[in-house]
Amino acid sequence: MKVLLATYWAVPHLGGVWTYMVQLKEKLESLGHEVDLLGYGHDNSYVHMVNQERKVEKSEWFSMLSDNAESFISFHINPLVQYTETQQNFYTKAVSYLGLEKYDIIHTQDVISTASINRIRPAHTALVATLHGCVAHEIRQQLTTIHNSPTSYLARLYFDELEHIGATSPEYTIVANKWLKNILTNEFNVPDEQLKLSNYGYDTESFIKKMKEENSFQKPSDKKVIIYTGRLVELKGVQFLISALSKLKEIRTDWVCWIVGEGDKQADLQIQSRTLGLEENIIFHGKRDDVPFLLSLSDIFVLPSLIENQPLAVIEAQIAERAIIVSDTGGLPEMVEHGVTGIVTPAGDSEVLCKNLNLLLSNERYRKIIGSNAQKWGMKHWIPEEAVEKVLNVYQSAISKRRK
């Protein structure tokens, strides 16, 4: 089977979508399938077939966008809509140029690439989408903050419609949890029979090997390590973690926090940390390739997201046997059982997060028990072979449906 794994987002990147694509590619190829990877490139300046080193530069094609831009009624209603339409138009043209004819199945990873590729896919090619979150919900959050404008309500309508189109365009749409399934059926009118519920798999064996690789990096001998790994963007809620740590410092100082990752909020978060006098307590490590090893040195993993689906960062923390604190948003409560495999804390509430951090720092036995429980649950739940088998079953159903 010839498979294209495609996304609208820039790849490679620091994040769960890229990890999912790479691991799925490796598993599919080990079963004898041919797999290519496609997405935007660095700075969204080109679209490329990642593993083939073929790309289409935006600068060379931008003039072609003007021919079709005015055909979109909504094109000028909002700056964010205008940007998305421009990006999507170029993406569609670039993908068409790169060619889709040889693929039996195209597996997209977001609603925007799904809607784009559905317009141009060959008649014989089946389309399956895995949605790693709800773009419309994320945009709603951003429209109240960084993208707030007098036309925000029109932008919301635009992205709500895009969510519906992207979720209903393929033969089947895969979702990782009940939370997203309910959103798509109840809010975006996606037929129940369209959706396939299938949690992620994860290459736990490789991750454990990386945890044990030699590394000169050392943890402080006299402090517990709190760790966050992921993108430094508003929706990840790291600003609330920093606020919680400011309160925690008033109670105890036997800890250090490692923030691992990069993103457009990195400078703001560093300013917040300095303003609160946490320069010696919080270390920003930026993007690193040794996250498994850093997790092995840590004591508590925190993911304070405002919106979340089924993040690989939590899966990795479970495999690493860490005590986990997550917010009560999205699919996170389906991944972490409060008081058993971790602690679920109210999103955006720094006071409660501080109390939960203090609880885990104060009780080593409890911290180790929930870490052990998390690992046992994760090793049974994220079996990669089972996940890939489910995906292949969806592929076969989609191909049969497309060719009827």
Side-chain angles (χ1 to χ4, degrees), residues 14-24 26-27 130 132-133 174-181 197-213 224-231 236 258 260-261 290-305 308-345 356-357 359-360 363-391:
L14 177 69
V17 174
W18 176 242
T19 302
Y20 175 87
M21 292 172 69
V22 170
Q23 291 195 5
L24 180 57
E26 291 173 351
K27 287 295 181 182
T130 290
H132 299 272
I174 300 172
V175 292
N177 49 49
K178 295 176 182 177
W179 167 76
L180 186 53
K181 184 176 186 291
L197 186 61
S198 177
N199 61 266
Y200 297 156
Y202 197 86
D203 188 351
T204 55
E205 184 177 341
S206 295
F207 189 85
I208 291 172
K209 287 181 180 177
K210 291 177 181 178
M211 286 176 59
K212 299 176 181 178
E213 290 178 353
K224 295 291 186 292
V225 174
I226 301 165
I227 191 169
Y228 164 87
T229 64
R231 293 177 297 135
K236 292 295 184 178
W258 295 346
V260 184
D290 57 352
V291 170
F293 181 78
L294 295 182
L295 275 170
S296 75
L297 299 182
S298 69
D299 299 280
I300 301 170
F301 169 85
V302 183
L303 186 66
S305 300
E308 199 61 81
N309 180 45
Q310 193 173 87
L312 296 188
V314 173
I315 296 174
E316 292 173 347
Q318 290 173 334
I319 298 168
E321 202 176 357
R322 299 305 93 183
I324 295 169
I325 300 177
V326 298
S327 53
D328 60 349
T329 188
L332 291 174
E334 295 180 50
M335 301 178 73
V336 176
E337 183 179 355
H338 181 65
V340 179
T341 59
I343 292 178
V344 181
T345 194
N356 286 325
L357 286 166
L359 170 65
L360 291 182
N363 194 329
E364 182 176 0
R365 181 173 179 273
Y366 180 54
R367 191 172 68 243
K368 290 185 175 180
I369 287 173
I370 63 172
S372 177
N373 289 344
Q375 186 187 56
K376 290 175 183 176
W377 185 88
M379 294 297 285
K380 292 179 180 178
H381 200 71
W382 310 118
I383 300 172
E385 291 78 12
E386 292 183 1
V388 171
E389 183 179 357
K390 291 179 181 178
V391 170

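Start at 1 with the first residue, then count along the sequence. A quick note: this is a predicted structure, and the numbers were derived from the prediction, not measured.
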Please check if any side-chain donor atom of Q318 sits under 3.5 Å from a side-chain acceptor atom of W382, or the reverse. yes

For a 4.5 angstrom cut-off between non-hydrogen side-chain atoms, does [X] reach [Y]?
| X | Y | value |
| --- | --- | --- |
| K224 | I226 | no |
| Y202 | E316 | yes |
| N177 | N199 | no |
| L197 | V175 | yes |
| M379 | I208 | yes |
| K376 | K380 | no |

Between CD1 on residue I300 and CD1 on residue I325, distance to nearest 0.5 Å: 5.5 Å

Can you name the residues that form a side chain to side chain contact (heavy atoms under 4.5 Å, CB included) with D290, not counting sequence neighbours? N215, R288, F293, L294

Residue list, side chain to side chain contact (heavy atoms under 4.5 Å, CB included) with V22, at least two apart or on another chain: W18, E26

Which residues satisfy the salt bridge (Lys or Arg N to Asp or Glu O under 4.0 Å) test with E308, sequence neighbours excluded? K236

Within 6.0 angstrom of E389 CD, more than 12 heavy atoms from elsewhere: no

Count the heavy atoms of every other residue, nucleotide or ligand shown that sit under 6.0 Å from NZ of K390, and state whether that count exceeds 12. yes

Tell me whether the rings of H132 and Y200 are parallel (<30°), tilted (30 to 60°) or perpendicular (>60°). tilted

NZ/NE/NH1/NH2 to OD/OE distance under 4.0 Å, K209 and E213: no

